[in-house]
Q: 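Sharing a structure below in C-alpha cells format, with a few things to ask.
What you see is a predicted model, and the numbers here were worked out from it, not measured in a lab.
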Amino acid sequence: MEELRAAPSRDLLSQLRVRGFRVHSMQPGGDLLIPAPEHTGEFYDLMKKYSFRLFLREVIKRQGAFGRRDVTRYANARVTGEYIDALLDMGLARREGRHGFRLLREVSSFGDTLEWFMAEVMKREFLTQAFWGVKFKGKQVGGDYDLLARVDCSLLYMEVKSSPPKQVQDAEVAAFLDRVEDLAPLLSVFFMDTELRMKDKIVSMFEEELARRSPGEPPPVLRMEKELFRAGEDIFIINAKDSIVANLEKVLSWRLRRKT
C-alpha cells in the first residue's frame with residue numbers, strides 16, 4: 001500500500017551508511033574554543049569576519065598570556081580592542097595583570113574551532129545537517145573527514161585548512177582526493193581560510209596529483225571566478241576571499257544545477 005512505503009531517508013548518517021561508512025567518532029571537544037551556548041550566536045557572527053579569525057589564531061598561537069600589541073597584526077588597535085573585549089564578555093578570556101589577558105581554556109591550534117565554524121555555516125546559512133571532525137571504523141583511507149553535510153538528499157565532503165597555502169603539502173592534496181574516491185560524495189570542497197591566491201601553489205598541486213592519477217586525460221582545473229576553481233564537476237577549490245558563505249553558495253549552486 002502507498003501509505004506503508006518508506007520515504008527516502010535524508011539523514012546524514014544514512015547517507016554515510018549506504019556508502020558502507022560507520023562513524024567511529026566525531027566533533028571532538030578537547031581542542032575546541034567556543035563560548036557557552038548563550039554566546040554562540042555572537043561568536044559565530046564574529047567568526048564570519050576574516051580579521052577576527054586571524055586575530056583568534058594569533059591569540060591561540062601565544063599559548064598563554066598575551067597583550068594587545070601581541071595580537072594587533074591583522075586589524076588596527078581599535079578593532080583588536082573590540083575583539084579582546086568580546087572574548088572577555090563571552091567568557092573565553094580573563095584579564096591577567098595590568099595590561100595582559102589569557103584564554104580561560106588553552107587549545108593547541110585553531111583547526112577544530114574552524115571546522116566547528118564551517119559546520120555552523122552549513123547549518124545556519126544552508127539549513128542542512130552537518131558533522132565535523134569525523135572518523136570512520138575500518139576504512140583503509142584514514143584520518144579525519146573535516147566536514148560532512150547533507151546536501152539535496154546527498155553528501156558534501158569538505159577539507160578545511162586553516163594554514164596558509166605555503167604550508168600545504170602534496171600529501172594533503174593526495175589524501176583529500178583519496179577520501180573523495182572512497183566516499184563518493186555529490187561534491188567535494190577543498191577550503192582554505194585565506195585570502196591569498198590559490199592558483200600559484202594549491203591549484204598546481206591539484207593539477208599534478210590529478211595527472212598522476214589519470215595520466216591519459218586528467219580533468220582540467222578551471223577557474224570559475226576569482227579564487228574559485230573546479231576539477232571536473234564534483235571537486236571544488238575555494239578560499240575565504242570576499243565571503244565564505246557566498247563562495248560556498250556559488251559552488252553549491254553550480255554543482256546542483258548540473259546534478260545527474
Side-chain angles (χ1 to χ4, degrees), residues 8-41 43-44 47-48 53 56-57 60 92 103 105-163 168 171-193 234-238 240 244-245 247-248 251-252 255:
S9 174
R10 299 186 179 187
D11 181 78
L12 179 51
L13 289 175
S14 297
Q15 289 293 334
L16 296 170
R17 193 173 298 118
V18 297
R19 289 168 167 81
F21 284 75
R22 297 291 188 274
V23 173
H24 172 67
S25 63
M26 62 179 175
Q27 304 180 172
D31 219 25
L32 182 63
L33 184 67
I34 59 172
E38 61 266 26
H39 296 294
T40 301
F43 184 71
Y44 173 78
M47 284 285 287
K48 291 171 76 173
R53 298 195 304 276
L56 198 56
R57 269 199 285 262
I60 291 172
L92 291 175
L103 289 178
R105 179 176 188 180
E106 289 190 12
V107 296
S108 62
S109 76
F110 182 60
D112 282 1
T113 303
L114 182 61
E115 290 177 22
W116 169 87
F117 168 67
M118 295 302 291
E120 288 296 303
V121 169
M122 296 304 301
K123 295 173 186 177
R124 292 169 183 257
E125 310 295 337
F126 300 101
L127 304 180
T128 188
Q129 189 179 14
F131 301 146
W132 61 271
V134 181
K135 290 184 178 181
F136 295 109
K137 297 178 181 178
K139 303 301 292 186
Q140 291 184 351
V141 178
D144 290 356
Y145 286 68
D146 292 345
L147 190 152
L148 298 169
R150 189 191 74 211
V151 173
D152 196 34
C153 300
S154 191
L155 188 62
L156 173 148
Y157 159 51
M158 187 187 304
E159 184 75 9
V160 178
K161 295 293 184 187
S162 60
S163 54
V168 176
E172 296 175 78
V173 172
F176 167 75
L177 293 174
D178 285 344
R179 295 186 187 112
V180 171
E181 291 177 3
D182 203 30
L183 188 61
L186 174 69
L187 72 161
S188 305
V189 179
F190 192 89
F191 166 74
M192 298 202 64
D193 191 22
D234 304 322
I235 298 173
F236 300 86
I237 307 164
I238 71 174
I244 289 175
V245 174
N247 291 345
L248 282 173
V251 300
L252 285 168
R255 179 63 185 93

Q: Under the side-chain contact (heavy atoms from CB on, under 4.5 Å) rule, collect the residues that match up with Glu125, sequence neighbours excluded.
A: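 Once residues adjacent in sequence are excluded, the partners of Glu125 under the side-chain contact (heavy atoms from CB on, under 4.5 Å) criterion are Tyr44, Lys48, Val121, Val245.
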Q: Kindly say whether Gly30 contributes a backbone atom to a donor-acceptor pair with the side chain of Arg105 at under 3.5 angstrom?
A: yes
Q: If you take all heavy atoms of Asp112 and Pro28, which pair is closest and at what distance?
A: OD2-CG, 4.1 Å
Q: Tell me every residue that passes side chain to side chain donor-acceptor pair (under 3.5 Å) with Arg22, counting only those two or more places apart in sequence or in another chain.
A: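 Once residues adjacent in sequence are excluded, Arg22 has no partner under the side chain to side chain donor-acceptor pair (under 3.5 Å) criterion.
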Q: Ring-plane angle category for Phe136 and Phe21, please: parallel below 30°, perpendicular beyond 60°, tilted otherwise.
A: perpendicular
Q: Just jot down the side chain to side chain donor-acceptor pair (under 3.5 Å) partners of Ser108, sequence neighbours excluded, or say none.
A: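 Only Asp31 meet the side chain to side chain donor-acceptor pair (under 3.5 Å) criterion with Ser108.
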Q: Kindly indicate whether the side chain of Phe190, heavy atoms from C-beta on, has any atom under 4.5 Å from the side chain of Ile238.
A: no
Q: For the residue pair Leu252 and Leu156, establish whether any side-chain heavy-atom pair is separated by less than 4.5 Å.
A: yes
Q: Can you tell me how far apart CZ (Phe131) and OG (Ser25) are? Round to the nearest 0.5 Å.
A: 12.5 Å
Q: Is the cationic atom of Arg179 (NZ for Lys, CZ for Arg) positioned less than 6.0 Å from the six-membered ring centroid of Tyr145 and within 45 degrees of its normal?
A: yes
Q: Please report the shortest heavy-atom distance between Phe110 and Asp193, naming the atom on each side.
A: CE2-OD2, 4.1 Å
Q: Can you give me the closest heavy-atom contact between Arg19 and Ser154, atom names plus distance?
A: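 Heavy atoms of Arg19 and Ser154 come nearest at NH2-OG, 3.7 Å.
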Q: Checking Phe43 against Phe117 for the ring pair (Phe, Tyr, Trp, His ring centres under 6.0 Å) test, could you report, in this order, the C-alpha distance in whole Å, the side-chain angles of both residues, the deciding distance, and whether it holds?
A: CA-CA 9 Å; Phe43 184 71; Phe117 168 67; 8.4 Å; no
Q: Apply side-chain contact (heavy atoms from CB on, under 4.5 Å) to Ile34 and Leu92, showing your working.
A: CA-CA 7 Å; Ile34 59 172; Leu92 291 175; 5.9 Å; no
Q: Which residues pass the side-chain contact (heavy atoms from CB on, under 4.5 Å) test with His39, not counting sequence neighbours?
A: Pro35, Glu42, Met90
Q: CE/Met118 to OG/Ser162 distance, rounded to the nearest 0.5 angstrom?
A: 11.5 Å
Q: Tell me the closest heavy-atom pair linking Arg53 and Ala240, and the distance in Å.
A: NH2-CB, 3.5 Å
Q: Taking only residues two or more places apart in sequence, or in another chain, which ones meet Asn247 in a side chain to side chain donor-acceptor pair (under 3.5 Å)?
A: none
Q: For the residue pair Asp11 and Gln129, establish whether any side-chain heavy-atom pair is separated by less than 4.5 Å.
A: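 The answer is yes; the side chains approach within 4.5 Å.
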Q: Determine the minimum heavy-atom distance between Gly41 and Arg124, stating which atoms define it.
A: CA-NH1, 4.1 Å
Q: Just by distance, do the side chain of Thr113 and the backbone of Leu32 share a donor-acceptor pair under 3.5 Å?
A: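 Not a single qualifying donor-acceptor pair exists.
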Q: Is there a side-chain contact between Ile235 and Leu177 in this structure, where contact means two heavy atoms from C-beta onward sitting under 4.5 Å apart?
A: yes
Q: Applying side-chain contact (heavy atoms from CB on, under 4.5 Å), run through Val189 and Tyr157 and close with a yes or a no.
A: CA-CA 6 Å; Val189 179; Tyr157 159 51; over 6 Å; no
Q: Are Lys161 and Glu159 close enough for a salt bridge, meaning some N to O gap below 4.0 Å?
A: yes
Q: Could you give me the CA-CA distance, side-chain angles and deciding distance for Val134 and Asp146, then say whether side-chain contact (heavy atoms from CB on, under 4.5 Å) is met?
A: CA-CA 6 Å; Val134 181; Asp146 292 345; over 6 Å; no
Q: Quick one: list whatever passes side-chain contact (heavy atoms from CB on, under 4.5 Å) with Ala174, sequence neighbours left out.
A: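 With neighbours one apart ignored, the set is Glu209, Arg213.
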Q: Would you say Lys135 has more than 12 foreign heavy atoms packed within less than 6.0 Å of its NZ?
A: no
Q: Quick check: do Val23 and Leu16 have side-chain heavy atoms less than 4.5 Å from each other?
A: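 Yes, their side chains come closer than 4.5 Å.
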Q: Contact between Met47 and Leu56 at the side-chain level, heavy atoms closer than 4.5 Å - yes or no?
A: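 Answer yes - side chains close enough.
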Q: Are Asp234 and Arg255 ion-paired here, with the side-chain N under 4.0 Å from a carboxylate O?
A: yes
Q: Distance check, rounded to the nearest 0.5 Å: Leu186 atom CG versus Gln15 atom CD?
A: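 Rounded to the nearest 0.5 Å, the CG-CD separation comes out at 9.5 Å.
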Q: Let me confirm one number: the CD-CH2 distance from Gln27 to Trp116, rounded to the nearest 0.5 Å.
A: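 The CD atom of Gln27 sits 11.5 Å away from the CH2 atom of Trp116.
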Q: With side chains defined as the heavy atoms from C-beta onward, is the minimum distance between Trp132 and Asp144 less than 4.5 Å?
A: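 No, every pair of side-chain atoms sits at 4.5 Å or beyond.
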Q: Pick from Val168, Val160, Ile237: which one makes a side-chain contact (heavy atoms from CB on, under 4.5 Å) with Met192?
A: Val168
Q: Does any part of the side chain of Met158, heavy atoms only, come nearer than 4.5 Å to the side chain of Ser188, both counted from C-beta?
A: no
